[in-house]
Amino acid sequence: MKKKLLSGIQPSGTIHIGNYFGAIKQFVDLQESYDGMVFIADLHAITTIHDKDILSQNILNVALDYLACGLDPKKICLFKQSDIPEVAELARYFNCITTMPFLERATAYKDAHMKAKEINVGLFDYPVLMAADILIQDADVVPVGSDQKQHVEYARDIALKFNNIYGETFKLPEPLILKEVAIVPGIDGRKMSKSYGNTIPLFGTDEEIKKAVMKIVTDSKSPDEPKDPETCNIFALHKLFLKENDLKVLRDQYLKGGLGYKESKEMLLKEVLDFITPMREKRKEYANDLDKVRAILKEGAEKAKIQVTQKMNIIRNNVGVKI
Ligand code: TRP
């Protein structure tokens with residue numbers, strides 16, 4: 001029996017190569033060896049998106065993005081969170097055994113609080129809904145970026161507490177963080193993130209991608225000078241695209257001198273464009289057949305429901321609402 005893997009993706013607009021190498025590629029690679037489920041976390045997105053058109057557009061876009069990146073609906077169950085409203089019911093049961101101080105320790109909440117942002121109850125409660133997503137499916141492993149590790153720990157803690165109060169009901173999920181790809185540097189050298197505005201878009205136009213690559217921050221060494229590949233932001237990105245041998249050749253050119261940063265950027269641009277061209281074409285095909293995408297999500301939800309119906313029966317029984 002394959003282990004069960006589950007992860008959620010935020011429908012939060014344009015994806016970038018940091019998303020791809022940090023998360024999407026993991027799902028695509030892992031779909032071979034796990035019994036996988038990936039859902040579009042629209043009930044999470046509404047903590048911040050309150051525009052109907054933007055939300056529904058984002059949901060479709062993220063489905064297109066992931067299908068284009070190689071998620072295969074035959075291998076992995078892809079669905080939309082809100083098609084399984086039972087997670088909201090489960091979150092309610094969890095809410096009633098979860099304390100405010102416990103949630104106040106969540107880093108996402110603390111960040112928002114520090115920035116003095118208006119915090120709605122949905123955002124405060126985010127880790128609880130996320131625990132429900134994971135635990136309702138009896139997931140064994142949850143692949144997430146390192147920033148989400150704490151949320152998986154919340155899911156474990158909530159499962160333990162529920163099991164203590166109501167009897168053994170949930171298994172404890174493990175986070176799965178692939179180390180080498182966990183942090184992709186952005187064009188300014190900090191972690192690539194939309195909130196830093198330092199991204200290279202995955203499905204941008206050639207022009208947009210070129211603009212981002214040419215803006216990668218470097219020191220001011222002239223083309224002739226030897227350069228340190230390990231501190232170069234361009235080189236860090238080459239590592240994602242080049243094979244071992246080509247990378248070695250490039251490293252030697254850096255150390256020897258003679259290769260300018262501009263030239264290195266032009267090489268990188270070509271690597272990025274070659275890499276994404278097939279994915280772009282696939283995305284276009286799906287975008288021309290949105291009914292097919294809707295059908296994939298519907299079928300995914302029906303599959304996900306089988307486990308959910310059984311599990312909710314047990315949960316309702318253990319809580320005592322089933323009479
Ligand atoms: N919080 C995750 C993110 O922001 C998305 C998410 C929601 C998720 N529910 C989940 C991830 C359950 C893994 C499992 O990326």
Side-chain angles (χ1 to χ4, degrees), residues 3-16 18-27 30-31 34-49 55 58-59 61-63 65-66 69 71 76-88 90-91 94-95 103 106-112 122-159 170-178 181-184 191-195 199 300-301 304 307-308 311:
K3 280 199 174 174
K4 209 162 167 182
L5 170 140
L6 172 108
S7 200
I9 44 179
Q10 286 263 18
S12 53
T14 339
I15 56 170
H16 51 73
N19 301 134
Y20 179 80
F21 287 101
I24 303 174
K25 190 171 178 300
Q26 288 187 41
F27 299 148
L30 292 169
Q31 65 187 348
Y34 285 92
D35 174 12
M37 298 187 127
V38 173
F39 66 91
I40 301 170
D42 53 352
L43 296 179
H44 287 283
I46 56 172
T47 58
T48 52
I49 303 174
L55 183 65
N58 281 2
I59 294 170
N61 274 333
V62 82
D65 291 341
Y66 275 69
C69 289
L71 264 201
I76 211 163
C77 173
L78 179 65
F79 64 99
K80 182 156 72 69
Q81 186 184 24
S82 58
D83 284 341
I84 314 279
E86 288 89 342
V87 287
L90 181 56
F94 288 164
N95 271 334
L103 289 181
T107 43
Y109 164 75
K110 281 201 286 195
D111 280 355
L123 182 68
F124 184 62
D125 201 34
Y126 194 109
V128 175
L129 182 59
M130 186 156 155
D133 295 330
I134 297 169
L135 299 175
I136 205 169
Q137 295 292 352
D138 279 332
D140 297 298
V141 287
V142 182
V144 283
S146 45
D147 58 322
Q148 293 289 321
K149 187 162 172 266
Q150 191 199 30
H151 284 149
V152 182
E153 283 154 10
Y154 265 79
R156 292 172 63 94
D157 288 344
I158 290 171
F170 295 110
K171 64 163 106 159
L172 302 185
E174 299 283 346
L176 180 85
I177 294 156
L178 289 192
V181 296
I183 291 181
V184 175
K191 179 187 171 179
M192 190 177 288
S193 160
K194 228 177 17 197
S195 52
T199 63
Q307 150 79 16
V308 165
K311 192 78 194 175

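Each ligand, and each atom within it, is numbered from 1 in the order the structure gives. The chain is numbered in sequence order, starting from 1.
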Other residues, nucleotides, ligands: >12 heavy atoms within 6.0 Å of K4 NZ: yes
Mode of Q148 contact toward ligand 1 - side chain, backbone, both, neither (heavy atoms, under 4.0 Å):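 Answer for Q148: side chain.
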With atoms numbered from 1 as shown, which atoms in ligand 1 lie under 4.0 angstrom from a non-hydrogen atom of [X]?
X	result
Y126	1 (N), 2 (C), 3 (C), 4 (O), 5 (C)
H44	7 (C), 9 (N)
I134	12 (C), 14 (C)
V142	13 (C), 14 (C)
Q10	3 (C), 4 (O)

Nearest-contact summary for atom 5 (C) of ligand 1 - protein heavy atom, Å: G8 O, 3.5 Å
Closest protein heavy atom to atom 9 (N) of ligand 1, given as residue, atom name and distance to 0.1 Å: D133 OD2, 2.8 Å
Donor-acceptor under 3.5 Å (E86 side chain, V308 main chain): no
Distance-only side-chain donor-acceptor flag, S193 / K191, under 3.5 Å: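 K191 and S193 do not have a side-chain donor-acceptor pair below 3.5 Å.
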Salt-bridge criterion met for K311 and D138 (N-O under 4.0 Å):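 Result for this pair is yes, salt bridge flagged.
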Whether Y126 and H44 hold their rings parallel, tilted or perpendicular, with breakpoints at 30° and 60°: tilted
Atom of P11, atom of D42 and distance for their closest heavy-atom approach: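 Smallest interatomic distance, heavy atoms only, reads CG-CA, 4.2 Å.
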